[in-house]
Amino acid sequence: MMLMDTSDMICDTYPGDMVGREYMENLYGEDMDRVLHSVVKLKNAVIGNNKQKFHMMSLGVVARLLEFIQNERAAVGLRTESAIVLGSLAKGSQANVKRLVDSGVVPILLQCLNNSNLKFVEGCLRCLRSIFTSQAAPVDLLYTDPGVVPHMLDIVSQSPTTQECICSILAQCCKTSEHQGLLYSNGVIESLAPLLASKMYKVQMPALRVFCVITYMNQIVSSAVASASVSERSLPDLLVELCLRDKSVEMQMSSAKCLTYMCRANALSSQDSKIVYKALPTLIRMCKKDRSLEERVEGAETLAYLIEVDLELQRIASYSDHLIPTLSEFLRYPSTQTTVMDLKRLDYDMKHSHELKAAALMAFASLGANDEDIRKKIIETENLMDHVVCGLSDPVVRVRLAAVRCLHSLSRSVQQLRTSFQDHAVWKPLMKLLQNADDDMLTVASSTLCNLLLEFSPSKEPMLESGAVDLLCDLTKRDDPALRLNGIWALMNMAFQVETKNMAFQAEQKVKSQILAALGTDQLFKLLSDPDVNVLMKTLGLLRNLLSNKPHIDHIMGMHGQQIMQAIVLILEGEHTIEVKEQTLCILANISDGTTAKDFIMANDDVLKKITNYMIHANVRLQIAATFCISNLLWNEEEGALERQMKLRDMGVQKLLQQLLSSSDTVLFDKVKTALQQFT
């Protein structure tokens, strides 16, 4: 047999295997000076070399380094160098970070922060910073031991490194309101406020990020920050200084964000000069073409949040520095076609194209939330409605959601519902979007649907023909109160009909019958006992709209009168708000306007007694609604009026009305006067 010559065979073993094993052998030696020397050599070998980092971790170096770090009898130099190597390993791939976390590195390093040697503590902090600022950051581990955060805040001032690292860690690990509360209760404001005035940028910037994350949507923390000071300068004034143009763009942006969050948390007034003359202009400036794509996106998103609920800020922003044309440029990025050969650039352009579109649409949504003139300016922007409609079917969820929010904002305009919305048939992509949307998307899209189903909207008829009723009825059965509310609200709008020459009685009745058939009486009455008062109010509104026009009232009461009266009694007897009871009395007023339907009231002495009690209620709105109901029952031009008047007179209604003539409320007085005139 002939043996194969292996001298020329290529070895497929990783070239660093021998070196790696040599490192590992040296790390387990008994000469601690040589061990320290090996750790230093290992540090130099893995710096900037991801392949070497992965290889050494595969050989089990992490466990050995942790042994050194935990060994309190080991030389502090060895423990420090071991922490530095772990920090270098943490700067590799996300997989490396995950392996470090799975190896239990984080709790050990957090415990080592109690050590008295500053250099060792700094080494541990650098490693922790690398781990916590990665995508695989194990945020909850920071809060497992309740003593960790207070200790970190105690040692934060020891050196620029402790300041930089601890601020970076806290900024990355504050994700929830519970985290905000924990940091606040442990004195994060007092500990880090002086760092905002630091002369070192690498300290100042992470400290600023901490203040951004602790103030976001937190009124208590924001108010505390607003009242805090450093060297007799208030923190808001210091934030204004950090917004100045001689500061870095990153610092200007973060300062404006912090002021924005404090404003939205009502810690600063929206008309405060710090907001109107500093935060707002800074964010608008960040949207300009000379800024990087990332900065433009962040600027537009923060601007949208700042002005979202404030009409005056919306107006100021709309005519500031050509903002609307500037934002419209976001929708046209990239303006030139990228060659397919440049795949990296193409991927970059596509990613930022989606982010820019979403940011612009969110900003437009906030700008047009309240003012008709601003909406007009937005819609008149070239091809904007085309971009919004295209956004509804964008493959990126974030863009679709932003497009729906923008559409919702613009749909508040009666004029646009009749013109631009009709021209672009926005209801078609909206209905399609609703078919398979998640709850967040459904909430905004169904809110838009409510507006499109208003009586004056031309979109109403085609939407009815496309299955809108069934879709909305399904929403009323959702667990999320916001979805139930939007579903019943849209049905209420759909049931509202104004008699016109173009709307035949049969068509009107068909819509109402369709709603009742799809919703079902069981679901309707279930909604009348909904724990969410807003859902209850809109359900009463739906019932009130269904019970309008005499023939409709008589038809519906003929089918469901007994159940409707039972539901009304339960609401009038329950612990409900004035608004709920007023709406319920208005339903009774509608029923009392029917020809045969009013018999359901006249035959029920308990209901009649309740109505008369509300005539003398302390709240004038309930008095008006109850009196209107009585007036309809007394109306002398209708059959059976005399018998109804006699019964109501025997119940003391006429005397009650005469007493109410002394009312100082003009609306109530007129209703009372009209009712008294019906007695013959």
**Asked** Any idea which heavy atoms bring Met651 and Lys609 closest together, and the distance?
**Response** CE-N, 4.1 Å

**Asked** Can you check whether Leu485 reaches Thr476 side chain to side chain, under 4.5 Å on heavy atoms?
**Response** no

**Asked** Any side-chain heavy atom of Ile571 sitting closer than 4.5 Å to one from Leu536?
**Response** yes

**Item:** Ser411 vs Leu407 side-chain heavy atoms within contact, under 4.5 Å
**Value:** no

**Asked** Where do Leu361 and Cys406 come nearest, in terms of heavy atoms and distance?
**Response** O-CB, 3.6 Å

**Request:** Would you mind checking if Arg484 and Asp530 are paired as a salt bridge, meaning a charged N to carboxylate O distance below 4.0 Å?
**Result:** yes

**Any side-chain donor near an acceptor of the partner, Gln219 and Asn266, under 3.5 Å** = no

**Request:** Report, as yes or no, whether the 6.0 Å neighbourhood of atom CD on Glu573 holds more than 12 heavy atoms from other residues, nucleotides or ligands.
**Result:** yes

**Salt-bridge contact Lys610-Asp606 (side-chain N to carboxylate O under 4.0 Å)** = yes

**Prompt:** Counting only heavy atoms not in Phe628, do more than 12 sit closer than 6.0 Å to its CZ atom?
**Reply:** no

**Asked** Heavy-atom distance under 4.5 Å between the side chains of Leu657 and Met615, does that happen here?
**Response** yes

**Request:** To the nearest 0.5 angstrom, please state how far the CE atom of Met602 sits from the CG atom of Leu633.
**Result:** 6.0 Å

**Message:** Quick one: does any side-chain atom of Tyr614 pair with a main-chain N or O of Glu582 as donor and acceptor, under 3.5 Å?
**Reply:** no

**Message:** Whether Asp593 and Lys550 form a salt bridge (side-chain N of Lys/Arg under 4.0 Å from carboxylate O of Asp/Glu) is what I want to check.
**Reply:** yes

**Request:** Start with the C-alpha gap between Asp470 and Leu472, add the side-chain angles, then the distance that decides, and say whether side-chain contact (heavy atoms from CB on, under 4.5 Å) holds.
**Result:** CA-CA 5 Å; Asp470 290 335; Leu472 295 170; over 6 Å; no

**Asked** Of all heavy-atom pairs between Ser318 and Leu367, which one has the smallest distance, and what is that distance?
**Response** N-CD2, 4.0 Å

**Message:** Closer than 3.5 angstrom, by distance alone: can the side chain of Asp532 be matched with the main-chain N or O of Pro481 as a donor-acceptor pair?
**Reply:** no

**Asked** Are any side-chain N or O atoms of Lys598 and backbone N or O atoms of Gly594, one a donor and one an acceptor, separated by less than 3.5 Å?
**Response** yes

**Asked** Within a radius of less than 6.0 Å around CG of Leu311, do more than 12 heavy atoms belonging to other residues, nucleotides or ligands occur?
**Response** yes

**Message:** Check this for me: Lys175, atom NZ, are more than 12 non-hydrogen atoms of other residues, nucleotides or ligands nearer than 6.0 Å?
**Reply:** yes

**Between CG on residue Leu668 and OG1 on residue Thr627, distance to nearest 0.5 Å** = 5.0 Å

**Prompt:** Between the side chains of Ser269 and Gln271, is a donor N or O closer than 3.5 angstrom to an acceptor N or O?
**Reply:** no

**Message:** So, taking the atom named CG in Leu528 and the one named CD1 in Ile568, what distance separates them when rounded to the nearest 0.5 Å?
**Reply:** 8.5 Å

**Complete:** To the nearest 0.5 Å, atom CD1 of Ile611 lies from atom CG of Leu656 at 12.5 Å

**Message:** Does atom CE (Met217) have a neighbourhood of more than 12 heavy atoms from anything else shown, all under 6.0 Å?
**Reply:** no

**Request:** Answer yes or no: is there a donor N or O on one side and an acceptor on the other, between the side chain of Gln180 and the main chain of Tyr216, under 3.5 Å?
**Result:** yes

**Contact summary for Met431 and Ser466, nearest pair of heavy atoms** = CE-O, 3.6 Å

**Request:** Taking Asn632 for its side chain and Ala589 for its backbone only, find out whether a donor-acceptor pair lies under 3.5 Å.
**Result:** yes

**Complete:** Value for CD1 (Ile379) from CZ (Phe364), rounded to nearest 0.5 Å, stands at 11.0 Å

**Message:** Tell me if the CG atom of Asp479 is crowded by more than 12 foreign heavy atoms within 6.0 Å.
**Reply:** no

**Prompt:** Is Ile307 close to Leu283 at the side-chain level, that is, under 4.5 Å between some pair of heavy atoms?
**Reply:** no

**Request:** Taking only Lys NZ, Arg NE, NH1 and NH2, and the carboxylate oxygens of Asp or Glu, determine whether Lys647 and Asp605 approach each other closer than 4.0 Å.
**Result:** yes

**Request:** Taking Arg375 for its side chain and Leu410 for its backbone only, find out whether a donor-acceptor pair lies under 3.5 Å.
**Result:** no

**Item:** Smallest separation among heavy atoms of Lys581 and Leu572, with atom names
**Value:** NZ-O, 3.1 Å

**Prompt:** Is Arg412 salt-bridged to Glu372, cutoff N-O under 4.0 Å?
**Reply:** no

**Item:** Pair Met385-Val426, side-chain contact (heavy atoms from CB on, under 4.5 Å): steps then yes or no
**Value:** CA-CA 9 Å; Met385 282 302 292; Val426 297; 3.8 Å; yes

**Asked** Among side-chain atoms of Gln314 and Asn370, is any donor-acceptor pair under 3.5 angstrom?
**Response** yes

**Item:** Thr443 (side chain) donor-acceptor with Ala482 (main chain) under 3.5 angstrom
**Value:** no

**Main-chain N/O of Ser446 paired with Asn486 side-chain donor or acceptor, under 3.5 Å** = no

**Prompt:** Is the Tyr305 ring parallel, tilted or perpendicular to the Tyr261 ring (thresholds 30°, 60°)?
**Reply:** perpendicular

**Request:** Would you mind checking if Asp480 and Arg478 are paired as a salt bridge, meaning a charged N to carboxylate O distance below 4.0 Å?
**Result:** no

**Prompt:** When rounded to the nearest 0.5 angstrom, what is the spacing between CG in Leu542 and CG in Leu546?
**Reply:** 4.5 Å

**Item:** Step-by-step side-chain contact (heavy atoms from CB on, under 4.5 Å) determination, Lys432 to Lys428
**Value:** CA-CA 6 Å; Lys432 185 178 180 181; Lys428 290 182 180 179; over 6 Å; no

**Donor-acceptor pair, side chain of Gln645 and main chain of Leu634, under 3.5 angstrom** = yes

**Item:** Close side-chain approach of Ser393 and Pro429, heavy atoms under 4.5 Å
**Value:** no

**Asked** Does the distance from a Lys or Arg side-chain N to an Asp or Glu carboxylate O, for Glu380 and Lys377, drop under 4.0 Å?
**Response** no

**Message:** Just by distance, no angles: are the side chains of Lys512 and Ser548 close enough, under 3.5 Å, to form a donor-acceptor pair?
**Reply:** yes

**Request:** Check Val397 against Met441 and note the closest heavy-atom contact, atom names and distance.
**Result:** O-CE, 3.9 Å

**Request:** Using modelled atom types only, decide if a donor and an acceptor are shared between the side chain of Arg544 and the backbone of Ile587 within a distance under 3.5 Å.
**Result:** no

**Message:** For a side-chain contact (heavy atoms from CB on, under 4.5 Å) check, start with the C-alpha distance between Arg644 and Glu638, then their side-chain angles and the critical distance, and finish with the verdict.
**Reply:** CA-CA 10 Å; Arg644 289 192 295 274; Glu638 296 184 352; 3.9 Å; yes

**Heavy-atom side-chain proximity of Leu449 to Leu430 below 4.5 angstrom** = yes

**Message:** A side-chain contact here means heavy atoms from C-beta on lying under 4.5 Å apart; do Ile564 and Phe525 qualify?
**Reply:** yes

